[in-house]
Amino acid sequence: MNMSRDDHFLRTEYLKNLFPVMFSVLGGTVNALIDSVFVSMRLGADALAAVNMSMPVYLIICTFGALMAGGASVMSARAAGQEKMEEAASHYHAALTVCTVFGVLFTIAGCILCRPAARLLSQGGALEQYVYAYCFVTMLGVLPTVLSYLPLYYLQLDGKTHEITVMIRIMIITDILLDFVFLYVFPFGIYGAAAASLTASLLSSIYGMISLERGYSNYHFRFIKAGMGQIKEIVRYGSPPAFGNFADAMKLLLLNMIILHTGGAAAAAVWAVLNSMSEFSISITSGVPQAAAPMSGAYVSARENSGLRILMKLQMQWGLLLSAAYAAVLTAGSGVLQQVFSINQSLFFPFLCLGIYVILDCIANIWITFFQAAGRLALSNLMVIFRKLFFPVGIAALLMLADGYLWAFLPLGGACTVLAGLAVTWVIYVQNRKGDHALSRFLLLDDYLEREKKVLDFSIVPTEENICSASEEIIDFCRHNRMDSKQTMKLQLAIEELLTVIVQENRDLKSVDLRAFALEGNTGIRIRYAGRRYNPFEQAGHEDDDFMMGVAMMEKMAEVVNYTYSLGMNIINVLV
């Protein structure tokens with residue numbers, strides 16, 4: 001039997017997360033599109049322009065929600081990777097408290113300052129009243145909008161990815177229905193459009209919070225006093241996506257100026273179409289890495305480099321597949337979209353550039369999100385600057401004189417971001433390639449434990465024959481680490497008895513990931529398996545039949561036995 005780690009377990013868990021997370025990322029884009037369509041059809045171009053002018057206020061609110069929920073969820077995932085579930089829950093409670101306080105204070109301040117804000121956004125023009133109306137209702141919805149981010153992130157940590165899909169469905173369907181009712185049945189005007197979005201966010205948030213409470217959950221609703229140190233750490237870990245939102249705003253502002261100066265209104269119209277279509281690609285470029293981010297955080301804290309490499313491989317495979325498919329569809333449909341958007345010039349070359357960019361951008365964001373989960377936040381933020389601002393704007397400025405090739409700034413910017421990432425990680429690798437804790441290339445992982453054979457990561461198909469083979473072959477690992485016969489026997493017993501019971505309770509189990517470790521003060525085995533929550537030690541204390549006797553005996557012989565259910569995974573740690 002070849003004792004090595006395969007990708008079956010992680011591939012199953014990753015794909016379980018991938019499409020619900022992609023759908024959740026797409027949800028915001030679809031909602032904005034729905035509002036724009038209803039407003040433009042019912043209230044006209046002025047109202048649509050007012051909604052767009054009001055977007056910075058909404059983006060600020062969303063940025064804060066993503067900052068707190070994203071940062072807290074990364075910290076919770078890292079704590080869960082070390083089986084510190086109380087600490088993981090405390091980060092959720094801290095983010096919940098801060099988001100609630102922020103939501104209330106921002107609502108009060110926003111309602112008071114709404115009039116001057118509307119005047120600033122509309123530049124004191126004729127659209128000020130429209131902008132004020134939309135902003136005022138948006139301010140009333142700060143709390144549900146901010147709180148909606150917590151279940152979106154933490155349902156994934158709790159393994160309830162189906163509920164994320166339901167949340168987004170509630171948001172989209174409610175928005176469509178209420179937009180129709182508030183604009184066509186009742187003449188509420190732009191107040192109605194904003195109220196539809198607010199109500200959709202509120203109902204989605206309520207469902208998400210209820211889903212976190214329902215059934216088994218590590219994250220129950222509770223307010224705690226959040227310390228400044230904890231809040232700073234949450235903000236630090238949430239900084240890459242928040243910083244990315246700010247860089248996006250700056251990029252859009254500068255590119256609008258460059259494109260308008262270079263190609264005039266015709267180029268600006270093409271750029272508007274490219275922006276509209278690129279919004280849909282975010283479900284791939286952000287969804288693919290976000291689906292793996294919690295697992296990456298858990299595996300980083302557990303120092304399971306084999307699992308991290310499998311997760312990166314899966315993200316690259318699916319990211320390239322989905323982004324290439326998107327690019328192909330976009331390019332093939334350029335003629336149809338040209339007619340839909342009433343553009344006079346060919347969109348083939350701009351869409352070809354956008355398609356190539358999406359592929360490269362997906363690679364870059366997978367890397368950025370991995371470094372965020374790994375705690376390399378300075379490197380993650382540096383790559384955000386490269387990706388979002390420095391290269392796209394810099395290359396667009398250089399191509400201002402290249403007549404007809406301006407759109408090449410998209411793929412060239414994406415390529416330069418990937419090359420810059422390779423260069424920076426290479427420098428760090430070279431600086432840290434000596435000594436016991438030399439770092440690997442590209443991912444900058446410390447493989448000391450693997451090199452010294454202090455850990456053994458492997459996967460098995462849990463048949464009776466394979467369980468016995470794994471138990472026998474782990475003897476070599478014990479000998480290498482100079483374990484005595486008693487320690488070796490305990491590890492063998494843990495594998496045999498636990499896997500036998502687990503398989504008996506879950507006949508559909510296709511693969512189990514195991515890790516044997518011999519660290520300072522910690523020698524034992526970790527077992528990860530999918531399926532419903534099942535803790536064999538809960539039964540061992542109540543069962544009198546022979547089937548559970550081995551588990552009960554092994555529990556008494558072990559120094560520490562720890563079971564957790566996180567990220568939809570069952571995790572057992574046995575220390576001998």
Side-chain angles (χ1 to χ4, degrees), residues 28 31-32 35 47 50-72 91-124 127-154 167 171 174-175 178 182 188-210 212 221-228 230-232 234-235 238-239 241-242 245-246 249:
N31 243 26
D35 282 348
V51 171
N52 289 331
M53 289 178 183
S54 305
M55 279 299 107
V57 173
Y58 180 73
L59 290 175
I60 290 172
I61 298 168
C62 292
T63 297
F64 185 84
L67 174 71
M68 296 305 298
H91 299 314
Y92 168 72
H93 298 141
L96 176 62
T97 302
V98 174
C99 286
T100 302
V101 172
F102 169 85
V104 173
L105 295 179
F106 198 98
T107 298
I108 295 171
C111 290
I112 295 172
L113 300 174
C114 193
R115 179 62 68 181
R119 190 173 297 117
L120 176 66
L121 292 170
S122 65
Q123 299 181 19
L127 299 179
E128 181 182 329
Q129 186 56 36
Y130 267 146
V131 174
Y132 170 78
Y134 199 89
C135 285
F136 184 79
V137 180
T138 299
M139 293 298 184
L140 295 177
V142 170
L143 187 58
T145 301
V146 169
L147 289 181
S148 68
Y149 281 88
L150 286 170
L152 284 175
Y153 280 89
Y154 275 90
M167 274 186 70
M171 184 182 293
T174 303
D175 198 27
L178 293 184
F182 291 164
F188 292 158
I190 199 165
Y191 285 101
S197 296
L198 186 158
T199 308
S201 295
L202 177 62
L203 294 179
S204 180
S205 300
I206 291 172
Y207 178 83
M209 289 295 184
I210 292 173
L212 271 178
F221 188 92
R222 183 161 64 90
F223 291 115
I224 66 167
K225 183 180 179 180
M228 286 306 299
Q230 188 178 29
I231 294 173
K232 287 180 181 178
I234 290 174
V235 170
S239 61
N245 284 346
F246 173 77

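Worth knowing before you read on, the calculation uses all heavy atoms, side chains too, and leaves out hydrogens, waters and symmetry mates.
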> Between Q129 and I190, is any pair of side-chain heavy atoms under 4.5 Å apart?
no
> Begin with the C-alpha distance, continue with both residues' side-chain angles, and end with the deciding distance and a verdict on side-chain contact (heavy atoms from CB on, under 4.5 Å) for V146 and I61.
CA-CA 7 Å; V146 169; I61 298 168; 3.7 Å; yes
> Okay, side chain of S204, backbone of M167: is any donor-acceptor separation there less than 3.5 Å?
yes
> Which heavy atom in A95 sits nearest to a heavy atom in M68, and how many Å separate them?
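In terms of heavy atoms, the two residues are closest at CB-O, 4.1 Å.
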> Quick check: closest heavy atoms across L178 and A196, and the distance to 0.1 Å?
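Where L178 meets A196 most closely, the heavy atoms are CB-CB, 3.6 Å.
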> Can you measure from CG (L113) to CD1 (I108) and round to the nearest 0.5 angstrom?
11.5 Å
> Closest approach of I234 and A94, non-hydrogen atoms and distance?
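Looking at all heavy atoms of both residues, the closest pair is CD1-CB, 4.1 Å.
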> Mind running side-chain contact (heavy atoms from CB on, under 4.5 Å) on Y58 and T145 for me, showing each step along the way?
CA-CA 9 Å; Y58 180 73; T145 301; 4.1 Å; yes
> What pair of heavy atoms forms the shortest contact from V137 to L198, and how long is it?
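Closest heavy-atom pair between V137 and L198: O-CD1, 3.2 Å.
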> Would you list the pairs meeting salt bridge (charged side-chain N to carboxylate O under 4.0 Å, His left out) in which at least one residue belongs to residues 93-118, sequence neighbours left out?
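Salt bridge (charged side-chain N to carboxylate O under 4.0 Å, His left out) check on residues 93-118 returns R115-E128.
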> Look up atom CD in Q230 and atom OG1 in T97, then write down how far apart they are to the nearest 0.5 Å.
9.0 Å
> Would you say that S197 contacts D175 through its side chain, given a criterion of any heavy-atom pair below 4.5 Å between the two side chains?
yes
> Please report the interatomic distance CG(L96) to CG(L147), rounded to the nearest 0.5 Å.
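Answer rounded to 0.5 Å: 6.5 Å.
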> Going by ring-ring contact (aromatic ring centres under 6.0 Å, His included), name the residues that satisfy it together with F221, two or more places apart in sequence or in a different chain.
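So F221 forms a ring-ring contact (aromatic ring centres under 6.0 Å, His included) with F223.
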> Looking at residues at least two apart in the chain, or sitting in another chain, which of them share a ring-ring contact (aromatic ring centres under 6.0 Å, His included) with Y154?
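Per chain and number, Y154 pairs via ring-ring contact (aromatic ring centres under 6.0 Å, His included) with Y92, Y219.
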> How long is the straight-line distance from CD1 of I206 back to OG of S201, given to the nearest 0.5 Å?
11.0 Å
> Please enumerate all residues that pass ring-ring contact (aromatic ring centres under 6.0 Å, His included) together with F136, with sequence neighbours excluded.
Y132
> Taking all non-hydrogen atoms of both residues, which atom of S205 and which atom of P144 are closest, and how far apart?
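Minimum heavy-atom contact is OG-O, 2.7 Å.
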> Taking only residues two or more places apart in sequence or in another chain, which ones pass ring-ring contact (aromatic ring centres under 6.0 Å, His included) with F102?
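Only F64, F106 meet the ring-ring contact (aromatic ring centres under 6.0 Å, His included) criterion with F102.
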> Can you list every pair that meets salt bridge (charged side-chain N to carboxylate O under 4.0 Å, His left out) and has a residue in residues 96-105, with sequence neighbours left out?
none
